[in-house]
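To keep things clear, I will list the structure first and then write my remarks on it.
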Amino acid sequence: MRVMEHDVIDNAYAYLIGYTFGEIQFGEHLRQIKYVVTHDGRLVAPVMVAMLQTLDCVLFVPDAGEESMEIAVSLEQFEESGEHGRWVDRWQIFHGDPEDVRWAFLDVDAVRHEGSFVDGEALIRPNPLADDEAKLCRFMNDNHRDDLRRLCHHHASIDIDHPVMVGIDPLGIHVRGRFEVVRVESSEPMTDADTAQRVLVAMSRDAEATA
């Protein structure tokens, strides 16, 4: 039974960090929203004042469909010019210019996913690749741009003319295109920088071989 519980939590975690967008319900309103995961595992997004004033907010990933992940979130506003301003920079690297100018952490309280309920704290995990993320992104963007293009086509069936890798975690990478951010899941867990570099190169070669 414990194994099953861990599988449910791990699957929910992988699903949540695999996306960068969803729909948020606040009161009677439903609005599209784009988010990023911080290096310590929290969600960050630009938000409307009305969202901050609503006690019960629900984030649906990737949308408010019946099969989507449903997340009860608590919003904590922060200032772009303050100590958390780096997460604004991270969001803009992923998504560009925001429509809303207020920023908040979307703290995960509880999650419903595939018929199971998961406590939010179980999904807040630090990224062990955080310190090496910038170096790994430069490695792929400077030396393997064609490989990024092939990876997006092979693993996500999306063609990107000018791909830019913007994020990495043990389970995959995020690649920014002109209109969207594409998730490419890793073939094996990437627990450190050396492993990540090896896995990404190997995945690139596999994608090239099957092109």
Side-chain angles (χ1 to χ4, degrees), residues 1-25 32-45 47 56-76 84 86-87 90-91 93-95 104-134 136-137 151-152 155-156 158 165-176 180-193 195-200 203:
M1 183 65 178
R2 290 181 179 179
V3 173
M4 182 179 297
E5 291 175 352
H6 282 299
D7 285 347
V8 168
I9 294 173
D10 289 343
N11 289 341
Y13 172 74
Y15 189 94
L16 175 62
I17 67 170
Y19 283 93
T20 58
F21 61 91
E23 290 184 317
I24 188 167
Q25 181 178 329
Q32 292 183 342
I33 195 169
K34 296 178 180 179
Y35 65 87
V36 295
V37 182
T38 69
H39 291 160
D40 53 0
R42 302 176 80 182
L43 308 185
V44 164
V47 297
D56 297 319
C57 291
V58 179
L59 174 64
F60 298 94
V61 177
D63 53 43
E66 293 183 1
E67 303 300 322
S68 297
M69 174 178 279
E70 182 177 335
I71 311 166
V73 293
S74 298
L75 274 59
E76 177 187 339
H84 300 304
R86 58 180 173 151
W87 304 130
R90 180 174 178 80
W91 191 95
I93 288 172
F94 273 65
H95 300 297
F105 293 109
L106 280 61
D107 288 327
V108 179
D109 298 323
V111 172
R112 184 181 65 81
H113 180 59
E114 296 181 345
S116 298
F117 289 89
V118 178
D119 184 85
E121 291 186 4
L123 304 187
I124 308 303
R125 305 181 184 181
N127 184 356
L129 296 174
D131 291 340
D132 297 300
E133 183 176 56
L136 291 166
C137 287
L151 286 172
C152 291
H155 292 278
I158 295 176
M165 179 171 152
V166 292
I168 185 171
D169 57 74
L171 302 181
I173 64 174
H174 282 103
V175 181
R176 189 187 70 220
E180 58 200 327
V181 177
V182 176
R183 177 67 168 181
V184 177
E185 295 183 356
S186 59
S187 58
E188 62 180 273
M190 300 182 291
T191 54
D192 55 63
T195 302
Q197 187 167 310
R198 174 183 60 78
V199 169
L200 291 175
M203 288 176 61

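Put simply, CD1 on Ile24 and CG on Leu106 are 5.0 Å apart, with the number rounded to the nearest 0.5 Å. Here the CG atom belonging to Asp192 is positioned 9.0 Å from the CZ atom belonging to Arg198, to the nearest 0.5 angstrom. Annotation: the span from Glu185 atom CD to Leu151 atom CG amounts to 12.5 Å, rounded to 0.5 Å. In this structure, the separation between NE2 on His113 and CG on Leu123 is 9.5 Å, given to the nearest 0.5 Å. Atom SG of Cys152 sits about 10.5 Å away from atom CE of Met165, to the nearest 0.5 Å.
Listed here is the closest heavy atom pair of Val108 and Val73: CA-CG1, 4.4 Å. Of all non-hydrogen atoms in Phe105 and Thr38, the two that sit nearest each other are CE2-CG2, 4.2 Å. Here the shortest heavy-atom pairing between Pro62 and Ser68 reads CD-OG, 3.7 Å. Heavy atoms only, all atoms of each residue included: Leu129 and Pro170 are closest at CD1-N, 4.0 Å. When all heavy atoms of Arg125 and Ile9 are compared, the closest pair comes out as NH2-CG2, 3.3 Å. Pairing each heavy atom of Met203 with each of Val184, the nearest pair is CE-CG1, 3.9 Å.
Remark: Ala72 pairs with Asp109 by the side-chain contact (heavy atoms from CB on, under 4.5 Å) rule, at least two apart or across chains. Here Asp107 pairs with Arg42 under the salt bridge (Lys or Arg N to Asp or Glu O under 4.0 Å) rule; sequence neighbours left out. With sequence neighbours left out, Ser186 forms a side chain to side chain donor-acceptor pair (under 3.5 Å) with no residue at all. By the salt bridge (Lys or Arg N to Asp or Glu O under 4.0 Å) test, Arg112 pairs with Glu70, sequence neighbours left out. Partners of His155 under the ring-ring contact (aromatic ring centres under 6.0 Å, His included) rule, at least two apart in sequence or in another chain, do not exist in this structure. Remark: Phe21 engages Tyr19 in a ring-ring contact (aromatic ring centres under 6.0 Å, His included) (not counting sequence neighbours). Qualifying side-chain contact (heavy atoms from CB on, under 4.5 Å) partners for Gln197, counting only residues two or more places apart in sequence or in other chains: Leu136, Phe139. Considering only residues two or more places apart in sequence or on other chains, Phe60 meets the ring-ring contact (aromatic ring centres under 6.0 Å, His included) condition with none of them. In this structure, Arg176 has no salt bridge (Lys or Arg N to Asp or Glu O under 4.0 Å) partners at least two apart in sequence or on a different chain. Here Glu114 pairs with nothing under the salt bridge (Lys or Arg N to Asp or Glu O under 4.0 Å) rule; sequence neighbours left out.
Two residues are said to be in side-chain contact when any heavy atoms from C-beta on lie closer than 4.5 Å; Tyr35 and Leu16 meet this criterion. Counting heavy atoms from C-beta on, the side chains of Arg90 and His95 never come closer than 4.5 Å. Counting heavy atoms from C-beta outward, Cys57 and Leu75 have side chains that approach closer than 4.5 Å. Taking 4.5 Å as the limit, some side-chain heavy atom of Val61 sits within range of a side-chain heavy atom of Tyr15. Side-chain atoms of Leu200 and Met190, non-hydrogen and from C-beta on, do get closer than 4.5 Å to each other. Annotation: side chain of Val175 is not in contact with side chain of Val166 (no heavy-atom distance under 4.5 Å). Contact annotation: the side chain of Val36 never approaches that of Leu43 to less than 4.5 Å [non-hydrogen atoms, C-beta and beyond].
Using a cut-off of 4.0 Å between Lys/Arg side-chain N and Asp/Glu carboxylate O, Arg183 and Asp169 are scored as salt-bridged. With salt bridges taken as basic N to acidic carboxylate O contacts below 4.0 Å, none links Glu180 and Lys34.
Residue pairs meeting the salt bridge (Lys or Arg N to Asp or Glu O under 4.0 Å) criterion with at least one partner in residues 15-25, sequence neighbours excluded, do not occur; the list is empty. Residue pairs satisfying the salt bridge (Lys or Arg N to Asp or Glu O under 4.0 Å) criterion with at least one member in residues 59-69, sequence neighbours excluded, are absent.
Counting heavy-atom neighbours within 6.0 Å of Asn11 CG, excluding the residue itself, gives a total above 12.
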